[in-house]
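What follows is a set of notes on a single structure, which appears directly below.
The model shown is predicted, which means the values in this text are computed figures rather than measured ones.
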Amino acid sequence: MAKKKAAPPSKTTARKPRKPKRPQLEAWILHDHTKTPIEPASPSRDWMDQTRDRFAYRCLPLVIANQHGWIIRSPISFKVRWNGGPELSDTTVKFPKGKTTHAVISHFGSGIITFIFPYLFRTSPGINLWVKGPSNSIKDGIQALEGVIETDWLESTFTMNWKMTRRNHTVSFEAGDPICMIVPITRGLVDSIEATMKPITANAPLNAAYQKWGEERRAFNLGLKNNDPKIVEQGWQRDYMLGRKIDGQKVEGHQTHLNLAAFIPPKPESQARSK
């Protein structure tokens, strides 16, 4: 009797390891949102463009802060004026002739204007949203108020508020002006930090590096003052911009720009269902 051939060993396809899911920032559309776009913040600011030789952009921390979140823009042009009183009627909001919106109101009084967004925001577990004015944006006579919100469980909307700082002064917003910046932050981080103070002499390597930096900084500034050709040609010291320590060592992971993802638009069918 012929022996049966043994079945060939089954081939098992190796599963590729799944990439960990990226933290999520979701903007759930409540109604028409086309006039209230959200986009990654730009590194540029008008006042920085106008500085001599655009020197403000040499400050990397400033530039990184400019783009450290997403910007929400005003859906309409309007003017706001406050007479200094606490009542709702003491703050007036005027829109162009024939235009109006319920997205910009005087809701709290005391010179505060409120922006209402057509979105409900949700984030991954443990991530809050720091809701603030656009970083390093300046508007005369009015100040953006800030809040930190636990958006990982929130089932309602939040608003953005600005406070007038000058009485009987008119502030103008144009359609498309940045009115809010949303910045994801890890909940619990700031109150888990152990903050200490120590004399720098207790850290010999750090102190030596600091002293060397100080000497080089003083020599550089003196060279600029005395119009030293080599120093003048260099223009400014770029160590931090280049992520370079005093000894010339490059720092791993140094960032000179951010790459924030744009919000993925809804699919046509899901957008139709949301209306």
Which residues share a ring-ring contact (aromatic ring centres under 6.0 Å, His included) with His169, sequence neighbours left out: none
Main-chain N/O of Asn66 paired with Arg45 side-chain donor or acceptor, under 3.5 Å: yes
Gap between atom CD1 of Ile112 and atom CD1 of Ile142 - 0.5 Å precision: 10.0 Å
Donor on one side chain, acceptor on other, Asp46 and Gln50, under 3.5 Å: no
Results of side chain to side chain donor-acceptor pair (under 3.5 Å) for Thr170 - residues two or more places apart only: Arg81
Table please: side-chain donor-acceptor pairs of residues 190-204 below 3.5 Å, with sequence neighbours left out.
from: Ser192; atom 1: OG; to: Gly188; atom 2: O; distance (Å): 3.2
from: Ser192; atom 1: OG; to: Leu189; atom 2: O; distance (Å): 2.7
from: Asn203; atom 1: OD1; to: Leu206; atom 2: N; distance (Å): 3.1

Under the side chain to side chain donor-acceptor pair (under 3.5 Å) test, residues paired with Trp213 that sit two or more places apart: none
Ion pair Asp247/Lys212, N-O distance below 4.0 Å: no
Carboxylate-amine/guanidinium proximity below 4.0 Å for Asp49 and Arg54: yes
ring-ring contact (aromatic ring centres under 6.0 Å, His included) against Phe95, all qualifying residues, sequence neighbours excluded: none
Listed partners of Phe78 passing ring-ring contact (aromatic ring centres under 6.0 Å, His included), at least two apart: Phe115, Phe173
Side-chain heavy-atom pair Arg122, Glu155 within 4.5 angstrom cut-off: yes
Leu129 and Thr123, any side-chain heavy atoms less than 4.5 Å apart: yes
